[in-house]
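This report refers to the structure that appears directly beneath it.
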Protein chains: 2
Amino acid sequence: MSNSSYPVNIATREKVLKAATELGYTPNSLARSLRSQRSKLIAAIVGDNADPYFAEIMRGVEDVASEHGYLTIVCNSDRQPAKELHYLRTLRDYRADGVLFAGGALNEPSHAQRLEEVVNEMKSRGAAIITLAQHTLGVPSIQTDNFGGARAMTTRLLELGHRRIAFVAGPSNLTVANVRLQGYMAALVEAGLSLDPHLILTGNFDREGGQRAAHDIAQIPVEHRPTAIFAANDQTAFGVMLGLGEMGWRVPDAISVCGFGDLPMAQIVFPQLTTVSIPLRQLGRTGTLRLLAALRNEEIPPLEVLPTTVVERSSTAPYREAL
Amino acid sequence: MSNSSYPVNIATREKVLKAATELGYTPNSLARSLRSQRSKLIAAIVGDNADPYFAEIMRGVEDVASEHGYLTIVCNSDRQPAKELHYLRTLRDYRADGVLFAGGALNEPSHAQRLEEVVNEMKSRGAAIITLAQHTLGVPSIQTDNFGGARAMTTRLLELGHRRIAFVAGPSNLTVANVRLQGYMAALVEAGLSLDPHLILTGNFDREGGQRAAHDIAQIPVEHRPTAIFAANDQTAFGVMLGLGEMGWRVPDAISVCGFGDLPMAQIVFPQLTTVSIPLRQLGRTGTLRLLAALRNEEIPPLEVLPTTVVERSSTAPYREAL
DNA sequence: CTGAAAGCGCTAACAG
DNA sequence: CTGTTAGCGCTTTCAG
């Protein structure tokens, strides 16, 4: 019944199969997993499955997993090291065959080490671990080109004539957020512009942060005020647009706004958001594909980078002297 | 180690516990599950985890599950009976302790029966099954008041002075969609208005459907044209607004638009969407709470209805004779 | 209170 | 090709 290559008379096989259907027999996967040391369970550790960013990745993971007969477990860490660690341990105890870390590394003393301990334990038992973002764990990683995307977007704004471009950063303890900031800075430096620290605002990858940033920007004296705002992610960009709207500023006439991520709603907001598109579902798919390959003991690359693309919509416009 | 009530000398206990930590021993959950006939695994069968509707529910499920030491498995059915059934069988084989059907029943001949067979098998083994929408399965169900919400919203539009109110329906094979349509019709009938079949448009719970409906509505001669459009879900409403925008119609000045669901992006679109708010996460939480209660052999109500509320934002306005 | 043993349902290995 | 058996790592039961 396990359709192995074990030789068995065709008549006998049919007889067994028939009896199985008649009795409604189906193998107990738990017993099978226990015996075979393969649970056919994989897990995605995400920050929050209700966050469209993670939801898309998870969808990619689940798709590939189910295509290959694996079940997918969701783990919401809420970016709390304790939760993440607890999940990983539970997964280890369930003998999960693989774990995908969808978010970046969580910055907390000794968390990385504790995580690594469990990871090594799992690896030594034959499990495969993959990260889908820059991470401290020394495991294969599939990543999206956050740096390149941020640089490309900033360069595009420069091409549009903008010179004072604000950046609303993400949580400083998130690597992804920092890398995007780096990309923004790189583009400015490459263009021979100096970095104005007043134009780098703190955000939190959420709408509120963007809203606050918008109001902060309004406080900047007009001669130093940015003509474009680049938000580290789409949620923040939505917040920025909302905040701007609250003060009666029109986007993109008064100021250009762009984000990073290309969430589905980027096309629904008004004006439609210019943003950097990340192949999120593909990230989940590729990650899972690699994970399954690793499970088959295939060699997989330590790092794969998926390209991001600038998608210009209506929230950005060329710089014009007078408003 | 299983912290049971089994009497054991405190000294011995400590010795064992100490040895366990030293050796890095942790119980194998698979073996434990096999032996105890409880996997501590529950599953949420959703249409698509990347759909914010399901994502929110799942989040509620996962929260409660993890609080109680359960792992959550995601299953995307894409509303395909075959997929749903396949998942359910797999879950049965994994001895999942519980399954939550997040979406409504899938309309296909004999699907209901096949599903029920597996459900009964699982129930007889002690598993708990719950639905989070109207369903053909005879299992406890937690639902949101779709009928009441649709009726309340329609009534509100009537209060605002609208008399010709269009309804963009959802997929006719989805119970939720039909119930909302019923609520809309009930409100009109209660108000003593006759139903105009031309004002009931077909949609598909997606943006495209809404967009199409918007264009269709524009074709209606002005004297019969609706002054408000009630979309069966938010995605459709976004599509309607988009379609209206394409034709240069202003919402809510030219026409009022409202949706159903209160997705996060309802607050981000412009104008912000008036909609019926569903306690999605609560639905997931309550459902899981009941499921766990059932697992403890507690009596749980066959049907619980969670209230929905009309949230008025800026996409609706009182009816005005001249535009 | 402790130690030993049976068995959950499977797979892999071994004789026949 | 078929039938039997040992164990995967637990929990539960039963003697001591």
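Residue numbering restarts at 1 for every chain, and letters A, B, ... go by the order of the sequence lines.
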message: Checking A:Q143 against A:E304 for the side-chain contact (heavy atoms from CB on, under 4.5 Å) test, could you report, in this order, the C-alpha distance in whole Å, the side-chain angles of both residues, the deciding distance, and whether it holds?
response: CA-CA 6 Å; A:Q143 290 169 208; A:E304 232 169 313; over 6 Å; no

task: Dump the intermediate steps for salt bridge (Lys or Arg N to Asp or Glu O under 4.0 Å) on A:E56 and A:R285, then the final yes or no.
output: CA-CA 10 Å; A:E56 272 299 322; A:R285 290 192 68 91; over 6 Å; no

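If you run side chain to side chain contact (heavy atoms under 4.5 Å, CB included) between A:N146 and each of A:T308, A:V305, A:N178, A:V176, only A:V176 comes through.
Relative to the axis of its first five pairs, the axis of the last five pairs of the helix from C:dC1-D:dG16 to C:dG16-D:dC1 sits at 50°, rounded to 10 degrees.
Residues B:R95 and B:N9 each lie close to DNA chain C; by heavy-atom proximity, the contact nearer the 5' end of the strand is made by B:N9.
Here chain B contacts DNA chain C (any atom closer than 4.0 Å to a heavy atom, that is under 4.0 Å), and the contacts span C:dC1 to C:dG9 from 5' to 3'. Of all nucleotides in DNA chain D, those with any atom nearer than 4.0 Å to a heavy atom of chain B start and finish, going 5' to 3', at D:dG9 to D:dC14.
Proximity of a side-chain donor or acceptor of A:D93 to a complementary backbone N or O of B:N28 within less than 3.5 Å is not detected.
Ion pairing of A:R59 with A:D63 is present here, as a side-chain N (NZ or NE/NH1/NH2) and a carboxylate O approach within less than 4.0 Å. In this structure, B:R89 does not pair ionically with B:E121, as no charged nitrogen and carboxylate oxygen lie closer than 4.0 Å.
At a cut-off of 3.5 Å, with distance as the only test, a side-chain donor of A:S277 or A:D262 sits close to an acceptor on the other residue. Using modelled atom types and a 3.5 Å distance limit, the side chains of B:E62 and A:N76 yield a donor-acceptor pair. B:S29 and A:R95 share no donor-acceptor pair across their side chains, judged by distance under 3.5 Å alone. Counting only N and O atoms by type, the side chains of A:R290 and A:T286 include no donor and acceptor under 3.5 Å apart.
Within the structure, ring pair (Phe, Tyr, Trp, His ring centres under 6.0 Å) contacts touching residues 67-98 of chain A (residues at least two apart or in different chains) do not occur.
Near DNA chain D, meaning a heavy atom under 4.0 Å from it, residues 13-38 of chain A has A:L34, A:R35, A:Q37 in order of number.
Every salt bridge (charged side-chain N to carboxylate O under 4.0 Å, His left out) that B:E22 has, sequence neighbours left out, goes to B:K18.
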